[in-house]
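Report on the structure given below.
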2 protein chains.
Amino acid sequence: MDRIETMRAFMAVARDNSFTAAGRRLGLSTKLVSKYVRHLEAELQTQLFNRTTRSVSLTDVGSAYLERCRPILEQLDELDALVRERQGALAGPIRLTAPTGFGSTRLPAALLPFLKQHPDVELDMTLTDSRVAIVEEGFDLAIRIGSLRDSTLIARKLVDMPLVLCAAPEYLNAHGRPKDPRALATHVCLVNNNQVDLNVWRLRAGGREHAVRHRATIQANSPGALARLAEGGLGITIAPLYTVEAALDSGRLERVLPDYETDVFGVYALYPPNRHLTRRVRALIDHLAGEFSR
Amino acid sequence: MDRIETMRAFMAVARDNSFTAAGRRLGLSTKLVSKYVRHLEAELQTQLFNRTTRSVSLTDVGSAYLERCRPILEQLDELDALVRERQGALAGPIRLTAPTGFGSTRLPAALLPFLKQHPDVELDMTLTDSRVAIVEEGFDLAIRIGSLRDSTLIARKLVDMPLVLCAAPEYLNAHGRPKDPRALATHVCLVNNNQVDLNVWRLRAGGREHAVRHRATIQANSPGALARLAEGGLGITIAPLYTVEAALDSGRLERVLPDYETDVFGVYALYPPNRHLTRRVRALIDHLAGEFSR
DNA sequence: ATAATTATGTACAATATGGAGATAAATCGG
DNA sequence: CCGATTTATCTCCATATTGTACATAATTAT
């Protein structure tokens, strides 16, 4: 058995806490993943996981091993990619994380030409609306929207993303259409709790900014989920345009206070400064900047 | 095929410039080494070696690959050793180089108890009297005798090693026994050309130092070889005690100018400062210091 | 010029691999 | 609380891969 393969199997199980999920990720049967990990444990003469029939957790040795084998396998991937890149082609893995909404709408369209042009690049994309520790979790690149929290990363602006204040006609017919930002205080507000300041929406008109304080009646960490809830008539939300533009076009959502300007979020590519930026990651960032600037 | 195994085979061939020598080093047949390297080249889709039927050399890609896979495999060895050491035992490879004479006499006796006590330590010992680039050639530890040249390494004194001026009775009967250091100038002198100052031997008596200039009629980089040549009656040599003490005891060699003191060389353990000194290397150095201080 | 050595191709017996079927245990849903 | 479902693993086995043996070609040494 190939040691590299068994280590990858181990890492996948550790990541997903599941042999079955790891098998899905790796394209291997659960039996084979199980066999690989047992083989690695036999070679190392130690137990890497505690297991029951329905759950898996790392032992202390397993945690220590995981921490150390991750960079080794990354270097190996880099080495393979280097050899292939010396032959001219971009190659190797790119581990990318992005918000679910953006990552399942605008981003795939932007990625497609790049991936077609570079078939040896292996994209591993994780969509999540939770905060992600980019370096610790082994990502090469993260797409982030809105205010940035982690200043240790390099941020490159890809595009501006306007927010849109909107609600379903059903909701507005029942509760009235606010004529003034202050009126929002009496409405049900659906709030993205990934944002820095949960309870304040900023609106501008005639050169004046209104920092509207409202009650965050419903909150979630997914702007897409909030948009769907707004479509369902639960209340008013403020969401990035990409999550609601289809609903606006079809009439399922209406703009609220359309004469007011909302914040514009930046869409950023984030990557760690101390990681040697590989050619392919650099190339992808440049490509995305080009795609979104059109 | 195991990627790690194929990479190790590749590295061994690169090191020895020979599939046959690599096979001997690894305990594999030449055919298998050849097969492994070809498999690696197929996986990477590149040529790592240029070959004729009797010679091997690295391609440019092969050189670049070698440079990068060495630390990866070292880290993997470290990782395996770490897992075993967590179970309490010192484990993993120690790559040691030492001079041939010392390395085949005093050193093995000193190493033996350590290796018996730590069966999971895998000693890889290279004896050479040539200068060795310790870091570049992948050694963890070098034993050196005499003046030190490379100040970037940490040197720990293990023991003092006196030099002995001596010749065979056959030579001395034929050419006379020098009564004074200056008389050496008329003798055949066998000189270790690893030493800094080839043509000067330093002798001391009555508080006075005599820097004896002589002609280096015969020179070699092996004190053991010089000792054997002196035993054969070729001339006078000055050699570390360990290379000649058996011949002195048996009468095959005699001390020359025995009332004069010679230089005392230090025996040093040298290791790189920037390499994280593993527990087992540290333990070995401590052990050797203890052995030689008795 | 011949012998020895090195690297490799081909064939094949031996061994390992990966899948299938079955089992045991934990968790979920009714 | 019980049955169904899911997960992890064991055992068996057909298939694929491995590592060795024999042979070949080419280079180097004697």
Side-chain angles (χ1 to χ4, degrees), chain A residues 1-63 65-66 69 73 76 80, chain B residues 1-63 65-66 69 73 76 80 83 126:
Chain A
M1 271 178 187
D2 189 279
R3 168 62 77 94
I4 300 300
E5 285 300 315
T6 61
M7 286 172 74
R8 288 196 206 282
F10 160 72
M11 282 177 60
V13 175
R15 179 177 185 174
D16 295 335
N17 281 326
S18 161
F19 283 77
T20 306
R24 280 199 295 273
R25 175 188 297 277
L26 298 174
L28 302 171
S29 72
T30 304
K31 304 172 195 66
L32 192 50
V33 175
S34 176
K35 198 174 211 176
Y36 276 172
V37 172
R38 273 184 289 114
H39 189 266
L40 183 58
E41 285 173 327
E43 282 194 320
L44 297 174
Q45 295 190 321
T46 193
Q47 207 71 20
L48 297 170
F49 290 112
N50 292 316
R51 306 142 156 90
T52 68
T53 56
R54 288 293 296 266
S55 73
V56 179
S57 64
L58 279 164
T59 60
D60 287 344
V61 175
S63 291
Y65 191 80
L66 175 65
C69 67
L73 292 187
L76 208 51
D80 287 354
Chain B
M1 272 182 186
D2 188 281
R3 168 60 78 93
I4 300 300
E5 286 300 313
T6 61
M7 286 172 73
R8 287 195 206 283
F10 160 72
M11 282 177 59
V13 175
R15 177 177 187 173
D16 295 336
N17 281 326
S18 161
F19 284 76
T20 305
R24 281 199 295 273
R25 175 188 299 278
L26 298 173
L28 302 172
S29 72
T30 304
K31 303 168 197 68
L32 190 50
V33 176
S34 175
K35 199 173 207 177
Y36 276 171
V37 172
R38 271 183 295 114
H39 189 265
L40 182 59
E41 285 173 326
E43 282 194 319
L44 298 175
Q45 294 189 320
T46 191
Q47 206 73 19
L48 297 170
F49 290 112
N50 292 316
R51 302 141 158 94
T52 68
T53 58
R54 290 293 299 266
S55 74
V56 179
S57 63
L58 279 164
T59 60
D60 287 344
V61 175
S63 293
Y65 192 80
L66 175 65
C69 66
L73 292 187
L76 206 52
D80 287 353
V83 170
T126 301

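Letters A, B, ... are given to chains in the order of the sequence lines, protein chains preceding strands, and every chain is numbered from 1.
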Next on the checklist: If you compare every side-chain N and O of B:S29 against the phosphate oxygens of D:dT20 (OP1, OP2), does one of them come in below 4.0 Å?
Outcome noted: yes

Item to check | A:S34 side chain near D:dT9 phosphate (N/O to OP1/OP2, under 4.0 Å) | outcome: yes

Item to check | Side chain of B:R38 - closest among D:dT28, D:dA8, C:dT8 | outcome: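 Among the listed nucleotides, the one closest to the side chain of B:R38 is C:dT8.
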
Next on the checklist: Which nucleotide wins on minimum distance to the side chain of A:R51, given the candidates D:dT9, C:dT8, D:dG19?
Outcome noted: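 Of the options given, the side chain of A:R51 lies nearest D:dT9.
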
In whole Å, I'd like the distance from the [atom1] atom of [X] to the [atom2] atom of [N].
X: B:N50; N: C:dA7; atom1: CG; atom2: P; answer: 14 Å
X: A:L28; N: C:dA20; atom1: CG; atom2: C1'; answer: 16 Å
X: B:F19; N: D:dA26; atom1: CZ; atom2: C1'; answer: 15 Å
X: A:H39; N: C:dA16; atom1: NE2; atom2: C1'; answer: 9 Å
X: B:K31; N: C:dA11; atom1: NZ; atom2: C1'; answer: 13 Å
X: B:N17; N: D:dT28; atom1: CG; atom2: P; answer: 14 Å
X: A:R3; N: C:dA16; atom1: CZ; atom2: P; answer: 17 Å
X: B:D2; N: C:dT15; atom1: CG; atom2: P; answer: 19 Å

Could you check whether [X] gets within reach of a base, just the sugar-phosphate, or nothing at all, counting any heavy atom under 4.0 Å?
X: B:T20; value: sugar-phosphate
X: B:S18; value: sugar-phosphate
X: A:V56; value: sugar-phosphate

Item to check | hbond_proxy A:R54 side chain to D:dT7 base (donor-acceptor, 3.5 Å cutoff) | outcome: no

Item to check | Pair of N/O donor and acceptor under 3.5 Å linking C:dG18 base with A:K35 side chain | outcome: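 Side chain to base: pair found, below 3.5 Å.
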
Checklist entry - What closest approach, in Å, do A:L26 and A:R8 show between heavy atoms, and which atom pair accounts for it? => result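 Of all heavy-atom pairs spanning A:L26 and A:R8, the closest is CD1-O, 4.1 Å.
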
Item to check | Nearest-nucleotide comparison on DNA chain D, the residue closer to the 5′ end among B:Y36 and A:R24 | outcome: A:R24

Next on the checklist: Would you compute the distance between atom CG of B:L48 and atom OG1 of B:T6 and round it to the nearest 0.5 angstrom?
Outcome noted: 9.5 Å

Checklist entry - Can any side-chain N or O of B:D16 pair as donor or acceptor with the backbone N or O of B:S18 at less than 3.5 Å? => result no

Next on the checklist: Keeping B:E43 on the side-chain end and A:D80 on the backbone end, is there a donor-acceptor pair under 3.5 Å?
Outcome noted: no

Next on the checklist: Would B:F49 and B:T59 count as a side chain to side chain contact (heavy atoms under 4.5 Å, CB included) here? Give the steps.
Outcome noted: CA-CA 5 Å; B:F49 290 112; B:T59 60; 5.6 Å; no

